[in-house]
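What you see is a predicted model; the values in this text were computed from it and never measured. Side chains are part of it too, since the values below use all heavy atoms of this structure and drop only hydrogens, waters and symmetry mates.
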Number of protein chains: 2
Amino acid sequence: MLTDVNDILKKNQLSVTDSRKSILDLFIHSNGALAHADIEKQTGEKFDRVTVYRTLQVFMEKGIIHTIPTSDNSIRYALCKDDCTGGHHHDNHVHFICKICGLTSCLDSVTVPEVRLPVGFRPLEKQMIVTGICEGCQ
Amino acid sequence: MLTDVNDILKKNQLSVTDSRKSILDLFIHSNGALAHADIEKQTGEKFDRVTVYRTLQVFMEKGIIHTIPTSDNSIRYALCKDDCTGGHHHDNHVHFICKICGLTSCLDSVTVPEVRLPVGFRPLEKQMIVTGICEGCQ
DNA sequence: ATGCTAATGCAACGAAGTTGCAAAAATGTG
DNA sequence: CACATTTTTGCAACTTCGTTGCATTAGCAT
Ligand SMILES: [Mn+2]
Ligand SMILES: [Mn+2]
Ligand SMILES: [Zn+2]
Ligand SMILES: [Zn+2]
């Protein structure tokens, strides 16, 4: 897995800019998923809000990051595995959100289980979010 | 299951007002889950935005409705089963979102399956959202 | 019917997200 | 490296969404 931000950006045919390098670096060295606000803060408000929005959008399109929906309507973003490419994400892992500290983790080792749906419903993608208490907050 | 709006409101110790009656009625006679905007439109903009927000909030607190998180950051609301009371919801069913028409359904007959989490993660609630194509859109 | 309590509507505000456009930075070619 | 071309950025303006305080109105119990 590539960990050098320059290589990742080039591999995805993106020009290498300060904002993209900083934000991607943030994802790589971050423990859990990041909300938009986290990114603004953790980059020291060095970049415009709009730039952060556009960077996240471009990373999404290239399959570099994926979103995690939360019940409080605040989307978190996390790195994809290597095999996610533009448009098609293959992250079928469970997500965990800690009720205490808010840490949002990709449980890469836990795959979303299959379910049988009633007739008439054709499933395409499935997502599972578990809330509870994380290791650090026990 | 109570279907008369007056009875439901009284059972939950809520005063019976026009907005609460209309909005609750909307939920009872609606096929899928409703977004905030749907409610504003479908009540003919008869009530103030703020009233809709407060009504949904109060219905949530009383366990009359529950939320369904979506990846596009737009919360949907749907009726709870009878045994959901203030603070404690028991809707552990799968939710289905149609990619074509957007219909969001509570699959009351499909329970969210169990998963084994890595050590350190203590689960409290779990949620599963399946996206795909609904009966009407096949 | 009357008084008390709770809910509503309005206005104002703040946060979040989008768009157009000019300035600045990145890329590739000689 | 210098240059022209393309892409990205930052700013300003704007829209949408959600929240709060307060005066008015409606619901409820006596
Ligand atoms: Mn993930
Ligand atoms: Mn439901
Ligand atoms: Zn925690
Ligand atoms: Zn459909």
Side-chain angles (χ1 to χ4, degrees), chain A residues 4-27 33-62 64-65 67-77 86 102 104, chain B residues 4-27 33-62 64-65 67-77 86 102 104:
Chain A
D4 183 57
V5 291
N6 288 58
D7 293 344
I8 299 176
L9 291 172
K10 281 180 191 150
K11 200 192 87 178
N12 286 281
Q13 296 143 42
L14 292 174
S15 43
V16 179
T17 66
D18 282 357
S19 48
R20 288 177 181 167
K21 279 191 288 182
S22 297
I23 294 175
L24 185 49
D25 193 73
L26 209 56
F27 276 110
L34 298 167
H36 181 97
D38 298 329
I39 297 165
E40 276 192 73
K41 277 173 212 147
Q42 291 194 240
T43 49
E45 276 128 358
K46 203 170 145 198
F47 308 107
D48 194 83
R49 256 166 6 106
V50 181
T51 303
V52 177
Y53 281 116
R54 291 196 270 229
T55 304
L56 291 174
Q57 193 180 301
V58 126
F59 283 2
M60 281 284 293
E61 285 163 7
K62 293 291 184 179
I64 299 173
I65 58 173
T67 56
I68 303 158
T70 61
S71 1
D72 69 329
N73 215 7
S74 74
I75 290 188
R76 309 285 164 89
Y77 301 86
T104 303
Chain B
D4 183 58
V5 291
N6 289 58
D7 293 342
I8 298 175
L9 291 173
K10 282 179 191 154
K11 200 192 86 176
N12 287 282
Q13 296 143 40
L14 292 174
S15 44
V16 179
T17 66
D18 282 358
S19 47
R20 288 177 182 168
K21 279 192 285 182
S22 297
I23 295 175
L24 186 49
D25 194 72
L26 209 57
F27 276 111
L34 297 167
H36 182 98
D38 298 329
I39 296 165
E40 276 192 73
K41 277 173 212 146
Q42 290 194 241
T43 50
E45 275 128 359
K46 203 171 146 195
F47 308 107
D48 193 83
R49 254 167 7 105
V50 181
T51 302
V52 176
Y53 281 116
R54 292 197 268 228
T55 305
L56 291 174
Q57 192 181 303
V58 125
F59 283 2
M60 281 283 295
E61 285 163 8
K62 292 292 185 179
I64 299 173
I65 57 173
T67 55
I68 304 158
T70 61
S71 0
D72 69 328
N73 216 4
S74 74
I75 290 189
R76 308 285 164 91
Y77 302 86
T104 303

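With hydrogens and angles ignored, the 3.5 Å screen pairs a side-chain donor or acceptor of B/Thr104 with a backbone N or O of B/Gly102.
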Open item on the list: Would B/Asp38 and B/Tyr77 count as a side chain to side chain contact (heavy atoms under 4.5 Å, CB included) here? Give the steps.
Closed with: CA-CA 10 Å; B/Asp38 298 329; B/Tyr77 302 86; over 6 Å; no

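Taking all atoms of both residues into account, the shortest heavy-atom contact from A/Phe59 to A/Arg20 is CZ-O, 3.7 Å. Nearest heavy-atom pair, B/Ile65 versus B/Met60, reported as atom, atom and distance to 0.1 Å: O-SD, 3.6 Å. Minimum heavy-atom separation, A/Lys21 to A/Asn6: CD-OD1, 3.7 Å.
Here C/dG9 presents its C1' atom at 12 Å from CZ of B/Arg49, a figure rounded to the nearest Å. B/Lys46 has its NZ atom 15 Å from the C1' atom of C/dG9, to the nearest Å. The separation between A/Ile39 atom CD1 and C/dA16 atom P is 13 Å, rounded to whole Å. In this structure, the NZ atom of A/Lys21 is 13 Å from the P atom of C/dA25, given to the nearest Å. As a whole-Å value, the separation of B/Asp18 CG from C/dA6 C1' is 15 Å. In this structure, the CG atom of A/Asp48 is 14 Å from the C1' atom of C/dC21, given to the nearest Å. Distance B/Gln57 CD to C/dA7 C1': 13 Å, rounded to the nearest Å. Taking atom CD of B/Glu40 as the reference point, atom P of C/dT8 lies 14 Å away to the nearest angstrom.
Atoms CD1 and CG, from A/Ile8 and A/Leu14 in turn, are 11.0 Å apart once rounded to the nearest 0.5 Å. For the atom pair B/Lys46 NZ and B/Glu40 CD, the distance stands at 14.5 Å (nearest 0.5 Å).
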At a cut-off of 3.5 Å, list every protein nitrogen or oxygen paired with a nitrogen or oxygen from nucleotides 27-30 of chain C, distance to 0.1 Å.
| unit_1 | atom_1 | unit_2 | atom_2 | d |
| --- | --- | --- | --- | --- |
| C/dT27 | OP1 | A/Val16 | N | 2.7 |

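Projected onto DNA chain D by closest heavy-atom contact, B/Ala37 and A/Val50 fall at different nucleotides, the more 5' of which corresponds to A/Val50.
The side chain of A/Tyr53 lies closest to C/dG17, out of C/dT8, C/dA26, C/dG17.
Taking the side chain as every heavy atom from C-beta outward, A/Thr55 and A/Ile39 never approach each other to under 4.5 Å.
If you run side-chain contact (heavy atoms from CB on, under 4.5 Å) between B/Asp25 and each of B/Asp4, B/Val5, B/Thr43, only B/Val5 comes through.
Among the atoms of the strands shown, only primed sugar atoms or phosphate atoms (P, OP1, OP2) are found under 4.0 Å from some heavy atom of B/Arg20.
Taking the 5' to 3' direction, DNA chain D first and last meets chain B under 4.0 angstrom from a heavy atom at D/dC17 to D/dC28.
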